[in-house]
Amino acid sequence: MTTLILSKRVFFLVLIVVFVSCNSRDNQQSQENWISYLSALPTIENSEDQQSDVHKLFDDFQRKYRWQSFYLLNYQEFANWVNSGTREPLADSLLSKHQKALGDFVVVFREKIKNSASPASLEQKLKLIEDMVRFGQNINSFEAIDFNSLQAAILDIQSKFHEEYNGTLFLNQLDETKEKYGNVKTQLINKTAFCNEALAGFIASWESLKKEALLANPLLTHHPVVFVTRQQYTPDHHNTATLFQTNEINTNSFTPGGSLKIVDFKNGGKVKTLLKSEEGVIRDPEISYDGEKILFSMRNNIDEDYHIYEVDSDGKNLKQLTKAEGVADVDPQYLPDGNIVFSSTREPKYCMCNVHIMCNLFRMEGDGANITQLGKSSLFEGHSSVMPDGHILYDRWEYVDRNFGDAQGLWTMNPDGTNQAVYYGNNTNSPGGVIDARPVPGTEKVIAILGSCHDRPWGALGIIDREKGMDGKSPVELTWPASAAELIGKGNYDMFKQVRPLYEDPYPLNDTYFLCSRTMGLGEQMGLFLIDVFGNEQLIYTEAPGCFDPLPLKSREKEYVIQEKRDYKSGAGTFYVQDVYQGTHMQGVERGAVKYLRVIESVEKRSWTIPAWNGQGVHRPAMNWHSFECKRILGTVPVEADGSAYVEVPADKYVYFQLLDENKMMIQSMRSGTMVQSGETLGCIGCHEDRRMAPPSSSVQVAQALQAPAQKLNGWYGEARSFGFVKEVQPVLDKHCAGCHDFGKKAGEKLILAGDRNPYFNAAYIDMYKQKVINPIGAGPAEIQPAYSWGAHSSKLIKKIQNGHAGVHLSEEEMERLVTWIDINAVYYPDFISAYPAYPAGRSPISQEELNRLGELTHIDFDAQGGHARPLRAQVTFERPELSPCLENIGNKKSAEYREALAIIMKGKNQLLTTPRLDMEGFVPSETDKKRLEKYTYRQEEEQKSRKAILEGEKHYDPELVGMKL
């Protein structure tokens, strides 16, 4: 990297911050932003409604050019300029700022500054500002020039394509450019009168050489490049929230307009439009193995959803492959066996930390027949690609007993959905999303987007070498920009929002050159770029509103075909663990300590409410104190003396495992999920093992558990069911604890264990959390936790009981109910459905207005009680309204205020008797929930029809598609 030796004084201080953020290599696009912005100033000065115009201009600039908007003038400076009776023209203020920023370089513009003095016109002043902007951008471009990077690329391309690539010519031109560089550098150091013009001319010639040398790469010229144009997705809750599905909360965020195009660099960069949609969006193109067809997802307008289509590479013979109503199908990918994998909302489920519709991976035959579900993770599966060994590589957002934001990494599976396995990033706190990965040809590496949780599906680019690890910084051997590497493992799930420029849609041409989409300084408009491992980044094409998904239109070899392992009977599969003591974070666990393996299902979220409980994230409705999930215990099986276990598990269940001691207390727990397909056997070496390691040599003998049939699961004190605190745990507290630990009792001053319901949960549940007598992990950190570090083993309540507190003696079942509840992360509600979807947290029997009024009467901020950080213990008891602690704040029980407050609580009691909520017998879901559950049931029926068709050698299509064909 060359370095310009200039004055030590601050030069263009503010400019540098802005220009670097826009990437100085694309100064032409960036400078047009500034010029167009500045050109609007005369219009404002001549406007009759200046205040309104300033608002509009400022808001528009912030929206389009938010990285630059802080520089020129902030809104207050604009307002002061507009409102000042004897205001100094805005251009004068800008000129003043620029002159100060010029430092020693002010001499370069001495004559122009002199000529811009009054009575020069506003246009003359703006022209001078424009010159200063260009000069600053060119300075930054000059300092960013890297001759070595370009030379390395030229030499590399020449070595691989010496008959097609005139590398000698480009190297000679590069030598000439180096000489000119020295001359310009001397002029800048001496601040000659012509250095501005010399600099501008040099930058133009350098950019021209770089572009010509890099775009002549035969990898780019041999085949046209397919891409789509569209607006960048509207900002939403998460990088997965790009569907804007019909009849969902963010439908109106859908932004229409887009096309499917081809640019041919062999033919002078000629662009051809294959498909265009004024009211819809085209996305996610992929090329068939023979290079003759393009697979993509398209939405025709806001009133329908994304479906999968296929078209010939010349834009002819458009064919629709899917058309399920109220379903979004995206991210299609050809498989080497002729099938297609894609992401879909065909099993309707929502992110547990908010209300957005999620996708799982599905597979269909090449003509759209027999669509079957591959993944069952609780949130999102997307951006699939095929690895050389035939596995599907995809990104998965899911969490079990952990935070929502740092749980999106890369996973693999077989094309039939078997052998689900983590690939990279499952326990990395930052980046918050490792997405859109593709294998790098000729290597064991992948290239992926390193992004953020609450952002669009863009970020930094990174090459990941899994041989160097499965988490953190060490496997990421190269990033774009280079500075992004320092953010890995730092901060939280949104650290990568600060990356500039932003990258999207990587596609490896080989192990050295990559296509991608990237910001350019034109607001959020993306351009198509060719980047390489030497450090070169070259814009190859852009047009408004933006260009995405570049990939070469060419044939390619098929990956290895993995044979089917599932039987499609919707039955069961088996899991085995070879040795639970092998692996990480099992320190301190003595061999023989683990006696049981507990299998738990993390149940998907099928409905939601608007009002929220603020746990470690947003619960809609309230579910638990911290964590988001509800749990279903499928059963417990023994672990053999050699540490092995073998268990039969129902297919299509998203499950995780816990290791238990002789008292069935949790020693260690998975905090991610897995699944087994019908007829599949899936195994692992140990618990939290490094999946790259081989079994220990001592394990040559067959594990003891495998010498007998797989153990059957038999539920937990009855049939498997979703775990509810009130049903499973509160009876134990009522029998042994609530008599003393009650409202108005001395023991209750320390801990309330009575079952009285309040607007969100019940008193015992809230108090055990508030008084810290239990130690669940909640929505805990991304990192794997040490054995015994959380759960019943480290909870004060269990230790108190074990030590014989107040002579309390629990039966084996009663003790197991308490410890199991804590070990599965102290959940409360058994489902996400609700009887009160419009009331506080989706659980309260009294309205927000009534709760507000109760707060006014009792001087309690009930809004502050609506989350896990609530400052107070339980304040309301609907079962015994007169014992509600909040009433104690009203001194006179005969007062009108007391009677009104009591009446509000009494109304809640009566409402619960009429309409029981989920933690009560007689609960009935709301009408909205019923409709969502009906849709879920219908989609499951369609899934079963496809499986039946596969078993019988028939074909089942989307019914809506069949209707179209008829």
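Note that the numbering runs from 1 along the sequence shown for the chain.
- Remark: Gln944 pairs with Ser570 by the side-chain hydrogen bond (donor to acceptor under 3.5 Å, both in side chains) rule, at least two apart or across chains.
- Residue Lys349 comes nearest to Glu347 through the heavy atom pair NZ-OE1, 2.7 Å, listed as atom of the first residue, atom of the second, then distance.
- Between the side chains of Gln420 and Tyr654, no donor-acceptor pair is found at a separation under 3.5 Å.
- Using a 4.5 Å heavy-atom cutoff, the side chains of Lys631 and Asp401 are in contact.
- Using modelled atom types, one side-chain atom of Asp395 and one backbone atom of Asp436 make a donor-acceptor pair closer than 3.5 Å.
- When side chains are defined from C-beta on, Ile357 counts as touching Tyr350, because their heavy atoms get closer than 4.5 Å.
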| message | Show, in sequence, the C-alpha distance, side-chain angles and deciding distance for Glu564 and Arg566, and conclude whether the salt bridge (charged side-chain N to carboxylate O under 4.0 Å, His left out) test is met. | response | CA-CA 6 Å; Glu564 290 268 348; Arg566 62 188 289 192; 5.6 Å; no

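- Thr519 places no side-chain N or O within 3.5 Å of a backbone atom of Pro501 that could act as its donor or acceptor partner.
- For the pairing with Tyr424, the side-chain contact (heavy atoms from CB on, under 4.5 Å) check across Thr412, Val446, Ile464 returns one residue only, Ile464.
- Although no hydrogens or angles enter the test, the distance criterion places no donor-acceptor pair under 3.5 Å between the side chain of Ser297 and the main chain of Asp331.
- Here Phe342 contributes atom CZ and Leu321 contributes atom CG; the two are 9.0 Å apart, rounded to the nearest 0.5 Å.
- The shortest non-hydrogen separation linking Pro552 to Ile287 is O-CG1, 3.6 Å.
- Although no hydrogens or angles enter the test, the distance criterion places no donor-acceptor pair under 3.5 Å between the side chain of Asp958 and the main chain of Glu960.
- Side chain of Asn429 to main chain of Asn492: no donor-acceptor pair is present (N/O by atom type, distance under 3.5 Å, no hydrogens or angles).
- Sparse packing is recorded around NZ of Lys931, with 12 or fewer heavy atoms of other residues, nucleotides or ligands lying under 6.0 Å away.
- In this structure, the side chain of Asp494 engages the main chain of His454 through a donor-acceptor pair within 3.5 Å.
- Qualifying side-chain contact (heavy atoms from CB on, under 4.5 Å) partners for Thr609, counting only residues two or more places apart in sequence or in other chains: Pro611, Arg620, Pro621, Ser834, Pro837.
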| task | Might you work through the side-chain contact (heavy atoms from CB on, under 4.5 Å) test for Glu248 and Asn250, ending with a clear yes or no? | result | CA-CA 6 Å; Glu248 295 295 341; Asn250 59 359; 4.3 Å; yes

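- Shown here are the side-chain hydrogen bond (donor to acceptor under 3.5 Å, both in side chains) partners of Lys653, two or more places apart in sequence or in another chain: there are none.
- The salt bridge (Lys or Arg N to Asp or Glu O under 4.0 Å) test with Glu286 is passed by exactly one of Arg438, Arg556, Lys293: Arg438.
- In this structure, the side chains of Val655 and Val676 stay at 4.5 Å or more apart for every pair of heavy atoms.
- Between Tyr399 and Met352 there is a side-chain heavy-atom pair separated by less than 4.5 Å.
- When atom types are taken as modelled, the side chain of Asp406 and the backbone of Ser430 share no donor-acceptor pair closer than 3.5 angstrom.
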| request: Could you go through the salt bridge (charged side-chain N to carboxylate O under 4.0 Å, His left out) check for Glu601 and Arg632 one step at a time? | output: CA-CA 5 Å; Glu601 179 184 2; Arg632 179 182 290 126; 2.7 Å; yes

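- Ser946 and Thr372 form no side-chain donor-acceptor contact under 3.5 Å, judged by distance and modelled atom types alone.
- Closest of all the heavy-atom pairs between Phe227 and Pro550 is CB-CA, 4.3 Å.
- When all heavy atoms of Gly382 and Tyr394 are compared, the closest pair comes out as O-CB, 3.5 Å.
- Between the side chains of Asp567 and Ser678, at least one donor N or O sits under 3.5 Å from an acceptor N or O.
- Here the straight-line distance linking atom OG of Ser288 with atom OH of Tyr334 works out to 5.0 Å at 0.5 Å rounding.
- For the 3.5 Å distance criterion, the side chains of Ser555 and Asp290 fail to qualify, holding no donor opposite an acceptor.
- Residues Val281 and Tyr306 meet the side-chain proximity criterion, which asks for heavy atoms closer than 4.5 Å.
- With contacts defined as side-chain heavy-atom distances shorter than 4.5 Å, the pair Leu634/Ile600 does not qualify.
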| query | Taking it one step at a time, do Arg947 and Glu943 satisfy salt bridge (charged side-chain N to carboxylate O under 4.0 Å, His left out)? | reply | CA-CA 6 Å; Arg947 295 187 186 190; Glu943 172 75 15; 2.8 Å; yes

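- Aromatic ring pairs are classed by plane angle as parallel below 30°, tilted from 30° to 60° and perpendicular above 60°; the pair Phe296 and Tyr309 is parallel.
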| request: Applying side-chain contact (heavy atoms from CB on, under 4.5 Å), run through His238 and Gln408 and close with a yes or a no. | output: CA-CA 11 Å; His238 193 275; Gln408 189 178 13; 3.3 Å; yes

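- With a 4.5 Å cut-off on side-chain heavy atoms, Phe548 and Gln232 count as touching.
- With a 4.5 Å cut-off on side-chain heavy atoms, Arg346 and Gln373 do not count as touching.
- The minimum heavy-atom distance between Gly390 and Pro415, with the atom names listed, is O-CG, 3.4 Å.
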| Going through the checks in order, is the salt bridge (charged side-chain N to carboxylate O under 4.0 Å, His left out) test met by Glu942 and Lys945? | CA-CA 5 Å; Glu942 284 296 300; Lys945 290 178 182 178; 3.4 Å; yes

| Pair Val311-Leu260, side-chain contact (heavy atoms from CB on, under 4.5 Å): steps then yes or no | CA-CA 10 Å; Val311 70; Leu260 176 67; 4.2 Å; yes

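- Put simply, the side chain of Gln333 gets close to the backbone of Ser384: a donor and an acceptor are under 3.5 Å apart.
- Using a 30° and 60° split on the angle between ring planes, Tyr493 and Phe404 fall in the tilted class, from 30° to 60°.
- The minimum heavy-atom distance linking Glu398 with Gly673 is given by the pair OE1-N, 3.0 Å.
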| request: Could you check Gln940 against Tyr936 for side-chain contact (heavy atoms from CB on, under 4.5 Å), going step by step and ending with a plain yes or no? | output: CA-CA 6 Å; Gln940 291 299 101; Tyr936 181 91; 3.6 Å; yes

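- Lys605 places a side-chain N or O within 3.5 Å of a backbone atom of Asn354 that can act as its donor or acceptor partner.
- Using a 3.5 Å distance cut-off with no hydrogens or angles, the side chains of Tyr656 and Glu629 do not pair a donor with an acceptor.
- Heavy atoms from other residues, nucleotides or ligands lying under 6.0 Å from CD of Glu557 number 12 at most.
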| query | Passes side chain to side chain donor-acceptor pair (under 3.5 Å), Glu559 versus Tyr289? Steps please. | reply | CA-CA 10 Å; Glu559 299 85 4; Tyr289 288 96; 2.5 Å; yes

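- Formation of a donor-acceptor pair under 3.5 Å by the Asn301 side chain with backbone atoms of Gly280 is not found in this model.
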